[in-house]
Every structure is written in C-alpha cells, then in structure tokens.
Amino acid sequence: MAELTAFSDSYAEARKKFLAAARRAGAKLASYQHPAERGPGGEALHLDVSVLGPGDASRVFVVGSGTHGIEGYSGSAAQLAWLRGRPRLPKDTAVVFFHAHNPWGFAHKTRVTEENVDLNRNFIDFSKPLPLNRGYEDLHPLIAIRDWNEETIAGVFAGLDAYREKVGEKAFSDAFNGGQYTRPDGIFYGGTHPQWANDAFRAAVKTHLERARKVAFMDLHTGIGPWCDHIYLCFHPEGSPARGRVRTWWGERAVNLQGVTHKKLATYSGTIIDAFAEMLPGAEVSSVVVEFGTLPRPGMQRAGFAQRWMRFEGPRDPILAAQVRREYEAAFYPADPEWRSAVLEQSKDFIDRGVAGVGSW
Ligand SMILES: [Zn+2]
C-alpha cells in the first residue's frame, strides 16, 4: 500500500506539507493570499504555486488542485506525493503545480467558494449578459429542500426522474449541473462577478506561464467515475491537435469518456480549463480534467443537495447538520485506505505520463 501520509485532515496541514515537499524538491514557490477570508481555524488562505524546472521553460505541464475546494484533498495528496518522489524533468520543461484553486472551499470542506459559487462555472465573461439556464429554474424549487430526511430526499429524486423523463438525459444534465447564474442559494451557482479565486488564478497564470509556448493543463477533481479508479474529461473538439496530444499522452481512455458515471455530460459554462486556454493566446494548449471516482451519480447528487442544505438550512438543526456533513465529506474525500492508495498510485502514473508527453512535445 502506498504512503498515505500525503493525505491531510485540514487545509492548513495540506498546505504546510505541500510547501515543504516543493521546497525539498527544489521548486520555486509563489503564494497568492486571500485578502479577506480565513479558514475555520483562523488560518490564512492561499493559492500556492510551485515551479519545478526552469522558470523560462518553453514547455510547461501544469497540474491544479482544489477548483472544487474539498476535492483538493486528493489532488493535493497527488501533487505532494509526486513531489516527494524525487522527480527528474526532461530539458526545457517545467512542472508547475497550482495548489488550492479555491482555498476557502478546501479549508471549509465544501466544493464552493465563500459566496456559494462553483468556481468551475465562474470563468464566464461578466461583461456580457449572464447565461440563462431555464432548466435549472424548473429544478431549483425541487432541490431547495428545507427539511433533510429520507422522505424529502426521495421526493427530490422522484421529481428529478420525472423531469429527466420529460426533457431527456442531455437537457437534464444541462439543467442540473451545467451552471446557473440566478439562484445564489442553489447548486452549481456560477456567481455574478469573478470570485477572488478566479482573479488569483488569472494572476498566477500570467506570472508563471506567459513565456511558455507549449502548455498542458490537468485539473484534478473527485466525484465522477468508478470507486478506486480515475476518469478523464477532454473537451477539445474531435480532430484537433490539442485532443490528439491528450490521446497520445494518456491513451484512448482519456478521450472516450471511459468510466464516466454520467449518461450524458452537461455543456458546462465558465470552466477553469476553457478560461486557461483563453488566457494564453500565444501558446498551444492541451487541457484535461481528471476525476477520482467515489460514489455512483445519485450519491453525488445527494451530496450536492446536502451541500446546499447544510449552508442555508443546517444552522436550524446543528446536530443533524453534523451528520449530513460527515456523509458529504465521505462523498468527496473518502477515508478508505484502499481508495487513498489508488489515488496515489494512479496519479503518479498519469502525472509521469504528462511530464514525459510535454517533455517530448
Ligand atoms: Zn470537481
């Protein structure tokens, strides 16, 4: 079994271990501190960036964690275990790790930001009218339950099934988790302005990647895919060089949705990987999302309802809220050593492949 000390119980612990591992590996570090928010223990919150290899390398492999706060516990463990493995790099190649894209969510153990915003729906152009998700308007009253019990939850699922039956699987996914910009107390809420984490990410990309000409970006998540396995989401169009590279480096499974636990994927608004490519107009960019699988989709949907309920209804019933929290955390950050071990073994392999691929690009 792999060395499980790469995993942490708190953001502060994860950050401390990440910074130490990056220093020991010889990486340069930069930190972007949240000016207003703190973690639950009063700790400062940062997006941290480690740069291993030449700062002016033309080829860069970027691996990010914690776009969805709590999902950063496994992403952070993958990053730090890889740094601890005495990595060697191909020439003119740098490996850049972004640790905790959404440090508030990481520290507070939730997917979203301090404003209940899904950072991975927040990278839209706010100078234009906000996207309208009419389907979510239909679903919101169903999802926004006041009481958490098995009967109301079964009622939500029955309502979702009826809606899916009516509109079809793709329209259902678009409505449910494509992103929405009208309900601040809803799920998959993209916000009405850029989050601090969005601005910090943009600043970090500009600072560390402006000179790069060939850039790959891997964003680490949890929650879609089979237990103890990982899946890839590649959104580059069929036939594009960007997609071809993803296939070459990580294999057919990286582009054919193997293992994805959604019958139809939503068309997502405002994702960080789309924004990433737009931020680097002078570079060739390949991006891919990697998800460590946890629960089947209904379990993750239930976790989504729980996240909303805990934040907006939970304070009325703190004892129940603590129970719901345990269930929520287990859905995004399983404690099972077998699961954690799988994260480390698989991430070592796919990060190594990314480094080799970018190094030979
Ligand atoms: Zn995620």
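Along the sequence shown, residues are numbered consecutively beginning with 1. Values reported hereafter were calculated over all heavy atoms of this structure, with side chains retained and with hydrogens, waters and symmetry mates removed. Just so it is clear, the model here is predicted, and its values are computed rather than measured. Each ligand, and each atom within it, is numbered from 1 in the order the structure gives.
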Short N/O/S contact of Glu291 with the Zn ion (ligand 1) (below 2.8 Å):
no
Any side-chain donor-acceptor pair under 3.5 Å between Glu115 and His193?
yes
Take atom NZ of Lys170 as the centre, draw a 6.0 Å sphere, and report whether it contains more than 12 heavy atoms from other residues, nucleotides or ligands.
yes
Phe305/Phe157 aromatic ring centres below 6.0 Å:
yes
If you have a sec, read the angle at the Zn ion (ligand 1) from His68 atom ND1 over to His221 atom ND1, to 10 degrees.
100°
CZ (Arg297) with more than 12 external heavy atoms under 6.0 Å
yes
Could you tell me which N, O or S atom of Glu71 is nearest to the Zn ion (ligand 1)?
OE1
